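Proteins come first, then strands; the chains are lettered A, B, ... in the order of their sequence lines, and each starts at number 1. This one's a predicted model, so the numbers in the text were calculated from it and none came from an experiment.
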Amino acid sequence: MKILLLGLGNSILKDDSVGLKVVRELGEKVTEENVHVEEASFANIDILEAIGPYDRLIIVDSIKTKEGKPGELYPLSLEDLQSTLHLSCPHDINLATALELGKRLGMHVPREIRIYAIEIEDNQTFSETCSPSVERAIPRIVKEIAERECFVFGRKSLGCREEAPNTKHPMTNKFQ
Amino acid sequence: MASGKAVDAVYKTDPPRAAKKLRELFYSAHYVHSHTLHFYALAAPDFVLGPDAKPAERNILGLINKVGLEIGKEVIKNRAYSQDIQRTIAGRATHLVWSLPGGVSKGITEEERKRILEMAKVNLEFAKFGLKLFDDVVLKNQAYVDLILSDAYQTVTNYMGLVDRNNKVNFYDGMVRVVDTEAKEIAKFKPADYLQHIKEHVEPWSYLKFPFLKKIGWKGFVEGPKSGVYRAAPLARLNVADGMATPLAQEAYEKYFDTLGGKPVHSTLAMHWARLVELLYAAERQLELVQDIEITDPKVRIIPNKIPDEGVGVVEAPRGTLYHHYKTDEKGMVTKVNLIVGTTNNNAPICMSIRKAAQGLIKAGTIVTEGLLNRIEMAFRAYDPCLSCATHSLPGQMPLQVVIKGPQGEILRTITRG
């Protein structure tokens, strides 16, 4: 199975970069050759070009919810984001729309799409460093994603959590 | 691209002709990419499905349901081609590290040129199709023409854009031309002189500044000849220019002004049509440049030998005139930066267009429906504004609040999204 691990964010907007940092660290540790790591600042129509050869797409991005605790990890599925099936940006389309478009046009879209959203504190300040609460959480998040995805670090398997992304996660309702 | 030109100016170098042509070729592909997306994903659903269609249908998915999967495939293919062209030329389509003081880091081979040529031919055919679709769906429907020309979507301002030596639209280089509310030239200046012509107003409620014409001054968020407010981007570029530099785009330009009653066009919704005229120009220019005998010339950089200090670079970004102004120390380390980016030029006009649409469409007793709110949002969307894209945190909804007030200013309803 070919896997694309895609970190999303803006590297100079403080906590917005957390998705990039997490996949970077995963990329350094994961040894399986079928896992390809990419960093991007978009999740729009252009994603259709990037995901063509992959069977599983794993996206790591930041999220802001009303009562969330910075550093909290939310495993989501695409269905959780269906409520945002409209413009996320006034001059582009969002991830869910792009993937749906790909499917309807008969393009190859990965069979499995998993999204890991990391609760953040500040994505409005120019900084290449995350808030301490988010920065501290990165090693734990890296480990948890690796366990959930059954990644191998070097020769060491971290063991697999058998749970699929939780479509009924309590945070789902926070942005619907 | 503006940054690359500003750095040339900082180092007082003039890149070789091949480097300038490569930059313009790259930039033409960028325009094809950007304008294609805006029209098919964001503008066309309002017209093909109608402004009152349900939001769940009024998007690119609804569009392909209505006009056919083939068009959707063409959109994806043509965007992919323009991305490929940019990558082939500059290594990356976005965030490229290719422009250097005095030129570019690499040229293209004959083999690469031939590949680009084939893709550019396809882009041109699709650009022509865009105008045909607009003609069939919008211009042949009198209700849409009336909507475009309706008072609610008119914003009477001055206009700004880059023009070449013949006063034709140019995205990469030239002089900045400004015309008044009747399309008469009131300024034409070198990019380096921009501070003599533009000032920026500040409001306490916005991080974004509000540029205005210095000679007229800031008179508030007001329309008309006495206002210093100007607009940039496609509508403005066509208003400031005397024409387009390529034959098919020139024909399209003439039809645009003939249909809309001559110059200037103040209708915000006409921006979509202007964007398609520009898309055709970009596709034609791309094809011209890739067939230029100098485009594969390996001499693509002059090594700068002067002490850097200060420079300004200006291009037409898809969303408006883009100014980069750098000051450096003698080692080239940046000490001061000033940017006026595309959407910033339109900050005041965007506010004014939304207000005018709201005032024109909501009268005493009007029931504010989702479709009506969309018609107001259309005044905003036409500018293709680059506002909420700086962060990409989930859930990815564009933050928007609509407050509906009664005649006495009392709040009747607040609708919040994001």
Side-chain angles (χ1 to χ4, degrees), chain A residues 8-16 18-19 40-46 48-49 52 59 61-65 74 76 80-81 83-98 100-107 115-120 122-124 126 171-172 174-176, chain B residues 33-38 40-43 45 54-65 69-77 79-80 83-84 87 93-95 207 318-319 342-343 350 377 380-400 417-418:
Chain A
L8 295 177
N10 186 326
S11 62
I12 58 166
L13 277 179
K14 211 163 182 169
D15 296 344
D16 202 63
V18 67
S41 54
F42 62 83
N44 54 19
I45 198 165
D46 291 331
L48 292 174
E49 279 187 76
I59 291 174
D61 198 359
S62 56
I63 193 165
K64 274 187 113 170
T65 66
Y74 310 118
L76 305 173
D80 293 327
L81 301 181
S83 63
T84 70
L85 197 69
H86 58 266
L87 309 181
S88 59
C89 166
H91 68 89
D92 214 323
I93 63 174
N94 70 4
L95 172 67
T97 309
E100 184 59 29
L101 179 65
K103 279 184 199 167
R104 291 198 197 176
L105 295 179
M107 299 173 75
I115 298 158
Y116 291 98
I118 301 162
E119 185 75 39
I120 58 166
D122 178 4
N123 59 358
Q124 302 291 321
F126 285 117
M171 66 76 55
T172 302
K174 291 185 182 180
F175 56 82
Q176 283 183 337
Chain B
H33 182 255
S34 180
H35 278 8
T36 299
L37 176 75
H38 187 273
Y40 289 96
L42 305 177
K54 289 177 188 167
E57 295 164 10
R58 202 185 56 238
N59 53 37
I60 193 168
L61 302 175
L63 178 82
I64 60 167
N65 278 348
L69 289 178
E70 282 312 308
I71 292 177
K73 286 179 182 172
E74 287 297 313
V75 171
I76 301 292
K77 183 174 85 180
R79 270 179 56 90
Q83 289 285 75
D84 194 347
R87 268 196 302 270
T94 310
H95 301 156
Y207 286 115
R319 292 158 195 89
T343 295
I350 287 171
E377 196 176 324
F380 172 70
R381 196 179 302 131
Y383 289 89
D384 191 11
C386 192
L387 289 174
S388 71
C389 305
T391 65
H392 289 266
S393 297
L394 293 165
Q397 288 181 311
M398 183 181 79
L400 191 67
R417 184 174 82 193

Among H95(B), K73(B), R58(B), the residue with the most heavy-atom pairs under 4.5 Å to chain A is K73(B)
query = With distance as the sole test, does N10(A) use its side chain to make a donor-acceptor pair with the main-chain N or O of D16(A) at under 3.5 Å?
reply = no
The interface call for L101(A) against chain B, heavy-atom contacts under 4.5 Å, is both
When the 4.5 angstrom heavy-atom criterion is applied to L69(B) and chain A, the contacting part is both
Under 4.5 Å to a heavy atom of chain A? For E70(B) that would be neither
Those residues at least two apart in sequence (or on a different chain) that pass side-chain contact (heavy atoms from CB on, under 4.5 Å) with D84(B) are R87(B), T88(B), R115(B), M119(B)
Sorted by chain and residue number, the salt bridge (charged side-chain N to carboxylate O under 4.0 Å, His left out) partners of K54(B) (sequence neighbours excluded) come out as none
Discussion item. Using side-chain contact (heavy atoms from CB on, under 4.5 Å), reason through S62(A) and V18(A) one step at a time and then give a plain yes or no.
Written reply: CA-CA 6 Å; S62(A) 56; V18(A) 67; 3.9 Å; yes
